[in-house]
Number of protein chains: 2
Amino acid sequence: MINSDDRKLVGQSVYEQLRSDIVTGKLSPGEKLKLNALRIRYSASVNTLRETLMRLVSDGFVLFVDQKGFSVKPVSTADLRELLELRQMLELSAVRKSMENKAGQMEWKSALISAHFRLNCIEKLMMEDEGSHVQAWEKADRDFHVTMVSHCGSQQLIRYHASVIELYMRYQVLALHRRPFRGQASVEEHQKLLKHLLDDETESVLTILDSHIQKGLFLPDAEKIPLKVKSKAIA
Amino acid sequence: MINSDDRKLVGQSVYEQLRSDIVTGKLSPGEKLKLNALRIRYSASVNTLRETLMRLVSDGFVLFVDQKGFSVKPVSTADLRELLELRQMLELSAVRKSMENKAGQMEWKSALISAHFRLNCIEKLMMEDEGSHVQAWEKADRDFHVTMVSHCGSQQLIRYHASVIELYMRYQVLALHRRPFRGQASVEEHQKLLKHLLDDETESVLTILDSHIQKGLFLPDAEKIPLKVKSKAIA
DNA sequence: AATCATAAAAAATTCTAAAGGCCTTTTATT
DNA sequence: AATAAAAGGCCTTTAGAATTTTTTATGATT
């Protein structure tokens, strides 16, 4: 149900599984990633795993220390705040560019409508049946925002934004296991965003987007964020 | 003479060599990276090389296609412009934060002075004897700019800025093989930057920095930038 | 009890060798 | 000339073993 294509290379599929397990918290923040345990859990050889983990290190999901191996990147409120701020900087700038880029607006807007439709469907589901759609919602929400910036004309900006939003969404997913979905408010914001995007009302979009991103922020009461730090068995 | 620490892991050292060879153009933009050839050239096994190359893929220096292997990321004026713009966005924002962050200013300014001194030394050398110091200058210039943003308080911002500036410096190094060093002008800009940094004159710093980054831009006449595209033997 | 040294166990790093798969090119056939 | 079959090259992945390093356990010393 998650993995459709069997022709996918081992490396690619392990990469996706590992990243997904980190984002959803199946691998806890801070947890040590021992190669032998992973070898069994993901049915891949040590070499393939190292290759994959190194990618995740560069992506910011995994830490690596010489001779001591890998561990899941810990979470912290400071890190979340930093990512939020970066996301705002990159996403606002990229959305502005997307809107100012007049060529190919029709295709872009059509993609926006399509992404928004999918997001809307899943948000409705989320309001009835919370937990079971978290992952689908994460993907749909990310897709919508990625589509918004996709027309900005800068591949590098798109790349860095994608990287930041992926790290950011990890916090969203982890948080959704401990607090309810924002629900109607979020749905309305997405609705408004789409409307103003289609109507070329740049400033409205940027204003709403700015606060939309801000409101997604979930700072746990104390410093509770290190959700689980004890290393649990992984094999 | 380049590698001091022999205890360094093979993977780490190969990573640095490979990246350096890409930045300096010893590996040409677009060049196919065949594992067997690399295995000989870098005295490392296929596994170690794949591990390393995957890191460079995530870092943006190498391309990877399933079943077709790796190749050096091509260069283009569009890519350079994108990186320039990203660098400006991130660096200006981070330097402002660094200057507004009042804690530990003494240590920061001391690091700035130290980095500037090294840069100044090398820039003097550069004006006499061009070619032989390109790499040292690249490092010193990058160090100075990295130090400027190092006090901004956001590890993530620092990380993304470092990533962008490394990709950007590749163009600087490649360009320095075809056009003279900017010389006195650059020296004076760095001098002014330091002065205003030490005097807490934020707006002056940002103004100078903005144009300083812009002036570093070298856009070849036509679309000549693909410096060398033919794949030369690498073993 | 705290500290240090030492030995044993666990984990990481890396390489070789080899099987199997995909892609491209060459060759052969219609 | 078009298409099919075969060949060769390169990528992908695994397994196993040799080294080195880190961690843990144990025991001796202060």
Side-chain angles (χ1 to χ4, degrees), chain A residues 3-19 22 27-28 30-58 61-74 229-235, chain B residues 3-19 22 27-28 30-58 61-74 229-235:
Chain A
N3 235 330
S4 53
D5 201 348
D6 244 2
R7 275 182 308 183
K8 206 173 288 178
L9 299 180
V10 176
Q12 190 58 31
S13 119
V14 170
Y15 174 79
E16 281 158 25
Q17 273 183 255
L18 254 169
R19 194 174 60 173
I22 291 172
L27 294 170
S28 308
E31 179 172 341
K32 186 92 208 302
L33 295 171
K34 292 188 201 161
L35 290 171
N36 267 306
L38 298 181
R39 197 167 57 72
I40 296 161
R41 173 162 173 166
Y42 295 97
S43 320
S45 71
V46 171
N47 295 300
T48 304
L49 281 167
R50 287 186 60 94
E51 196 178 306
T52 297
L53 288 167
M54 277 303 187
R55 265 171 97 179
L56 291 166
V57 168
S58 275
F61 285 107
V62 167
L63 291 183
F64 171 72
V65 183
D66 270 5
Q67 310 285 24
K68 298 224 226 154
F70 304 87
S71 58
V72 179
K73 174 109 203 280
V229 215
K230 61 207 75 158
S231 79
K232 75 179 176 195
I234 63 171
Chain B
N3 233 329
S4 53
D5 201 348
D6 245 0
R7 274 183 308 181
K8 208 175 286 182
L9 299 181
V10 176
Q12 190 57 31
S13 119
V14 170
Y15 173 80
E16 281 158 24
Q17 275 183 252
L18 254 169
R19 194 174 60 173
I22 291 172
L27 294 170
S28 308
E31 178 172 342
K32 186 87 209 304
L33 295 170
K34 291 186 202 168
L35 290 170
N36 268 307
L38 298 180
R39 201 166 55 72
I40 297 160
R41 174 163 172 165
Y42 295 97
S43 320
S45 71
V46 172
N47 297 303
T48 305
L49 281 167
R50 287 185 59 95
E51 195 178 305
T52 296
L53 288 166
M54 277 302 185
R55 263 170 99 178
L56 290 166
V57 169
S58 276
F61 286 106
V62 167
L63 291 184
F64 171 72
V65 183
D66 271 4
Q67 308 288 10
K68 297 220 218 154
F70 303 88
S71 57
V72 179
K73 174 112 206 272
V229 216
K230 61 208 75 155
S231 78
K232 74 182 176 191
I234 62 172

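Just so it is clear: chains get the letters A, B, ... in the order the sequence lines come, proteins before strands, and each one is counted from 1.
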List, with names and distances, any nitrogen or oxygen atoms from the protein found under 3.5 Å away from nitrogen or oxygen atoms belonging to nucleotides 15-20 of chain D.
unit_1 : atom_1 : unit_2 : atom_2 : d
D:dA15 : N6     : A:N47  : ND2    : 3.4

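- Taking the screw axis at each terminus of the helix from C:dA1-D:dT30 to C:dT30-D:dA1 from five consecutive base pairs, the angle between the two is 20° to within rounding of 10 degrees.
- Taking atom CG of residue A:L9 and atom C1' of nucleotide D:dT13, one finds them 10 Å apart after rounding to whole Å.
- In this entry the distance linking CD of B:E51 with C1' of C:dT13 reads 9 Å, nearest Å.
- Nucleotide C:dC22 holds its P atom 16 Å from the CD atom of A:Q12, rounded to whole Å.
- Put simply, CD1 on B:I40 is 11 Å from P on C:dT16, counting in whole angstrom units.
- In this structure B:D66 satisfies the side-chain hydrogen bond (donor to acceptor under 3.5 Å, both in side chains) test with no other residue, sequence neighbours excluded.
- When atom types are taken as modelled, the side chain of B:K32 and the backbone of B:K68 share a donor-acceptor pair closer than 3.5 angstrom.
- The phosphate of C:dT13 (OP1 or OP2) has no side-chain N or O of B:T48 nearer than 4.0 angstrom.
- In this structure, CG of B:L49 is placed 11 Å from P of C:dT16, rounded to the nearest angstrom.
- Residues B:L53 and B:L38 form a side-chain contact, since some pair of their non-hydrogen atoms from C-beta on lies under 4.5 Å apart.
- Between A:I22 and A:F61, the shortest heavy-atom contact is CD1-O, 3.9 Å.
- With sequence neighbours excluded, no residue forms a salt bridge (charged side-chain N to carboxylate O under 4.0 Å, His left out) with A:R55.
- Under the side-chain contact (heavy atoms from CB on, under 4.5 Å) rule, A:R50 has a single partner from B:E51, B:M54, B:R50, which is B:E51.
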Could you run down the sub-3.5 Å N/O contacts of the protein with nucleotides 7-11 of chain C?
unit_1 : atom_1 : unit_2 : atom_2 : d
C:dA11 : OP1    : A:K34  : NZ     : 3.3

I'd like to know whether B:L63 forms a side chain to side chain contact (heavy atoms under 4.5 Å, CB included) with B:F70, so could you lay out the CA-CA distance, the side-chain angles of the two residues, the decisive distance to 0.1 Å, and finally the verdict. CA-CA 6 Å; B:L63 291 184; B:F70 303 88; over 6 Å; no
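- Distance B:L53 CG to D:dT12 P: 10 Å, rounded to the nearest Å.
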Steps toward side chain to side chain contact (heavy atoms under 4.5 Å, CB included) verdict (B:R39, B:T48): CA-CA 9 Å; B:R39 201 166 55 72; B:T48 305; over 6 Å; no
From CA spacing to verdict: side chain to side chain contact (heavy atoms under 4.5 Å, CB included), B:L9, B:V14: CA-CA 9 Å; B:L9 299 181; B:V14 170; over 6 Å; no
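- Residues passing the side-chain hydrogen bond (donor to acceptor under 3.5 Å, both in side chains) test with A:S71, sequence neighbours excluded: none.
- A sub-4.0 Å separation between OP1 or OP2 of C:dT13 and a side-chain N or O of A:R50 is present.
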Derivation of the side chain to side chain contact (heavy atoms under 4.5 Å, CB included) call for A:E31 and A:V72: CA-CA 5 Å; A:E31 179 172 341; A:V72 179; 4.2 Å; yes
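- Atom CZ of B:F70 and atom P of D:dG9 are 21 Å apart (whole Å).
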